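Okay, structure first, notes after.
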Amino acid sequence: MARTDHRPANRFTLFVWSLLLVAHAAASVVLTVLSLVAASLSAIWVGLPLLLALTRLLRGHAQTHRRLLGHLLADGPVPDPGYRPLPDTRLRTQISVVLADPTARRDYIWLATNATLGLTLAALPLTLLAHAVQAVLYVWLWRWEDSWYALHPVAGQADAYVALVTATALFALFWLLTPPIMHAYALLNRRLLAPNENARLAARVEHLATSRAETIDAQASEVRRIERDLHDGAQARLVALGMSLGMAEEMLAADPDLARRMLTEARETTRQALTELRDLVRGIHPPVLVERGLEGAVRALAITQHLPITVDIDLPGRPADPVESAAYFAVAELLTNAAKHANADRAWVRINYGRGRMVVIVGDDGVGGLDPDSGTGLPGIRRRLSAFDGTMSCVSPAGGPTIVTMELPCALRAAPQAPPAG
Amino acid sequence: MRVVIAEDLALLRDGLIRLLQAHEFEVVAAVDNGPDLLAALTGQRPDVAVVDVRLPPTFTDEGLQAAIRARRAVPGLPILVLSQHVEQLYARELLSDDTGGVGYLLKDRVFDIGQFIDAVRRVAAGGTAMDPAVISQLLAKHGDAGPLAQLTPREREVLAEMAEGRSNSAIAGRLFITDKAVSKHINSIFTKLDLPPSNDDSRRVLAVLAYLNQ
């Protein structure tokens, strides 16, 4: 088969899935009937609230189906079409939102199709298998039950044996057709449920506009901070240094002792300027990241922490610099969180790569209760990641543990990493 | 004393050459990249080398890698690594062969010429020279718990000085105490940390660093 976008699965698994999908399609039938009733009642206005409730139900139903399809399709669950939130306000507003929502229209088209064509497709494996079994049973059953709808009439034992041939044929059909049927079913439903190209592009443009604005804002404030730090720090110290040196030069003949003191002061000022520059550089782009890449930098970070940290990194190459940097700062922020606020005894960092994305997991056994939307740290991480279409999810029940998972779509450079020393 | 220098910035390389020559070192090679450094280290077998961590062609930790590789080929080859920033990871890697003759200092330490020259000589003699920034990070990491918390403030000071690689008399000079008092503190530190006593200065420093690096 040329297309390989279905998940390879054995026939038994596919059959069980077909049963589940039949049940799910049956729910579609119920919803379709209710929708038709509600639609006809809408003519006299009373159907509208019902239609509204059904639309809400339908969203849930369609979302469940998107997830179910994920088990049959190689590329995972069908993406959400980007539902508009239904306002919990006046009925009239809610109705106008639903009527104007193209995703609701698409959902109803899917519902009708799934209740008819979808149900038929999903039920085919079960039908074929059931009839095959029935034909086998006819070897005994024909005595009591002769009014079989039958592919051929069964009037005696001999005919019943002939039914075995039918059974074999039906079973063969079941065996051969189940995978393509389920594949076709999954593709049909994906086509109807996936956001259409326009909606997808619109959502994409909206996301890019937001993340670009956020990135530009973050960059601008970062540049302002660097400017302020240089202006008040290293630059000011270099001015003081020049003054000390100038005065020392002037004093050299008249007061060598004072000149020496000025020189010592100049040396100290230089040292302070260097320390400030070093801290600044570390905040912009840690040198160890340049020297060792993400893996080495995270290991270097882990051994400086006060709590024991298990580091498990499996990257077949190096991601682009900005991605490395975003991931590094995210890990640093989360480890600091674990040590400072979570009261953790140990923490762990896992980084690996697959299906075009780098997955970074940072966890700790602390007190939990980390709110990804509060403070500046985690929202900052999310903003940084979103510039690369990265996502962050946080599980942190009260009492712990806290596990933060970040996913960053990226390509890896095949360049071999510097061999680990030691 | 024959020395090899590796530094890619001409300004700093010339400064180092001038500085070391003024203190009776013979600069046998001054290189500006990783491959040349490795060749100079294994070819010249200098008494000591002063090496910048970041070097061309990759501008990664090429200098450090060359140093580690050279010490694998020539165990105990004395190398003092200089850097604009210090990483505990790098210190750990340099120390991991458990042989003396290593140093790891911030470039700023060059300002204090007396101390710097002392560090170079110490490394050449098979001792160690660890940056105070590394040692204070290591001490801070051990925190308030564990055996380190049982040390008196004075013992902590002595431990830090010792971990930086100084000899008993140098520690005595810096803390304004007698050699005898230093020995007493060191014995007490070794008992509290449950380390085997040793009379060899550099072995003792390595033991302390290994302890702190746990």
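Protein chains get the first letters and strands the later ones, always in sequence-line order, with residue 1 at the start of each. What you are looking at is a predicted structure, and each value in this text was computed from that prediction instead of being measured.
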Has [X] got more than 12 heavy atoms of other residues, nucleotides or ligands less than 6.0 Å from its [atom1]?
X	atom1	answer
B:R154	CZ	yes
A:E249	CD	no
B:D194	CG	no
A:E250	CD	no
A:N343	CG	no
A:R225	CZ	yes
B:R2	CZ	yes

What residue among A:R282, A:R278, A:R292 forms salt bridge (Lys or Arg N to Asp or Glu O under 4.0 Å) with B:E87?
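Considering A:R282, A:R278, A:R292, a salt bridge (Lys or Arg N to Asp or Glu O under 4.0 Å) with B:E87 is found only for A:R282.
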What verdict does the side-chain contact (heavy atoms from CB on, under 4.5 Å) test give for A:T304 and B:K141, after you've listed the backbone C-alpha separation in whole Å, the side-chain angles of each residue and the deciding distance to 0.1 Å?
CA-CA 7 Å; A:T304 59; B:K141 189 183 154 187; 5.8 Å; no
Enumerate by number any residue of residues 74-86 of chain B whose heavy atoms lie under 4.5 Å from heavy atoms of chain A; in the absence of such residues, state 'none'.
B:Q84, B:H85, B:V86
Chain A: which of B:L89, B:N213, B:D112 shares the most heavy-atom pairs with it under 4.5 Å?
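Option with the greatest count: B:L89.
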Closest approach of B:Y90 and A:E291, non-hydrogen atoms and distance?
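Heavy atoms only, the tightest pair is OH-OE1, 2.6 Å.
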Decide yes or no for A:V290 and B:R54: does some side-chain heavy atom of the first lie under 4.5 Å from some side-chain heavy atom of the second?
yes
Report which part of [X] has an atom under 4.5 Å of a heavy atom belonging to chain A: side chain, backbone, both, or neither.
X	result
B:F59	backbone
B:R71	neither
B:L106	side chain

Between A:P287, A:A300, A:A302, which shows the greatest number of heavy-atom pairs under 4.5 Å with chain B?
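Sorted descending by pairs with chain B, the first entry is A:P287.
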